[in-house]
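Here the structure comes first, spelled out in structure tokens, and everything after it is commentary.
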Amino acid sequence: MRHLIKSVVFSVSFGVLATSAALAQRPASSEPLSSHDVPIILAEQKLGEIAKVKVDRAGRIYLNGRIVTLENLKRELSRLHKANGAVWYHRENPYQDPPPEALAVLQAIIDARLPVKLLEKDFD
């Protein structure tokens, strides 16, 4: 009888573990996608447009591959906030001190309250 009880307990425990493992391997529908397709899901929030912002060594500011002024960038970030967008940010040579423009760009992103992804590799 003890052998039968131990066998049943083992079978039930093993079944629960196997079911838990199978559920853990199956992706939930609310998990973020691993691809770079838009929209991006961040903290359960769908994001629309992505602005690619880069600051080069000389302090030039790029928005989606085009040079822009800080004021134009701020206007675009404001529009992007209303469109539920996000920013991908890259700075050339991130291991050296940044030019003042880089700090101003980061502050503009923060002021616009946009989600930002910092990228070490250049997206251009």
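Keep in mind that what you see is a predicted model, and the values were worked out from it rather than measured.
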Please check this pair: side chain of [X] against backbone of [Y], looking for a donor-acceptor N/O pair closer than 3.5 Å.
{"X": "Glu49", "Y": "Gly85", "answer": "no"}
{"X": "Asn64", "Y": "Lys52", "answer": "yes"}
{"X": "His81", "Y": "Leu114", "answer": "no"}

So do [Y] and [X] actually touch side chain to side chain, heavy atoms under 4.5 Å?
{"X": "Tyr89", "Y": "Arg91", "result": "yes"}
{"X": "Leu63", "Y": "Asn72", "result": "no"}
{"X": "Val87", "Y": "Ile50", "result": "no"}

Distance under 6.0 Å and angle within 45° of ring axis: Lys117 vs Trp88:
yes

Report the hydrophobic cluster partners of Tyr62, with the cluster defined as I, L, V, M, F, W, Y residues connected by side-chain heavy atoms closer than 4.5 angstrom, directly or transitively.
Ile67

Report the distance from atom CG of Asp56 to atom NE2 of His90, rounding to the nearest 0.5 Å.
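Separation between the atoms: 9.5 Å.
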
Under 3.5 Å, which donor-acceptor pairs do the side chains of residues 96-109 form with other protein atoms, sequence neighbours left out?
residue, atom, partner, partner atom, Å
Gln96, OE1, Asn93, ND2, 2.9
Gln107, NE2, Asp111, OD1, 2.8

Closest heavy-atom contact between Leu80 and Ala51?
CD2-CB, 3.5 Å

Going by side-chain hydrogen bond (donor to acceptor under 3.5 Å, both in side chains), name the residues that satisfy it together with Lys54, two or more places apart in sequence or in a different chain.
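By the side-chain hydrogen bond (donor to acceptor under 3.5 Å, both in side chains) rule, Lys54 matches Asp122, Asp124.
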
Ile61-Ile110 co-clustered via ILVMFWY side chain contacts under 4.5 Å
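In one cluster: no.
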
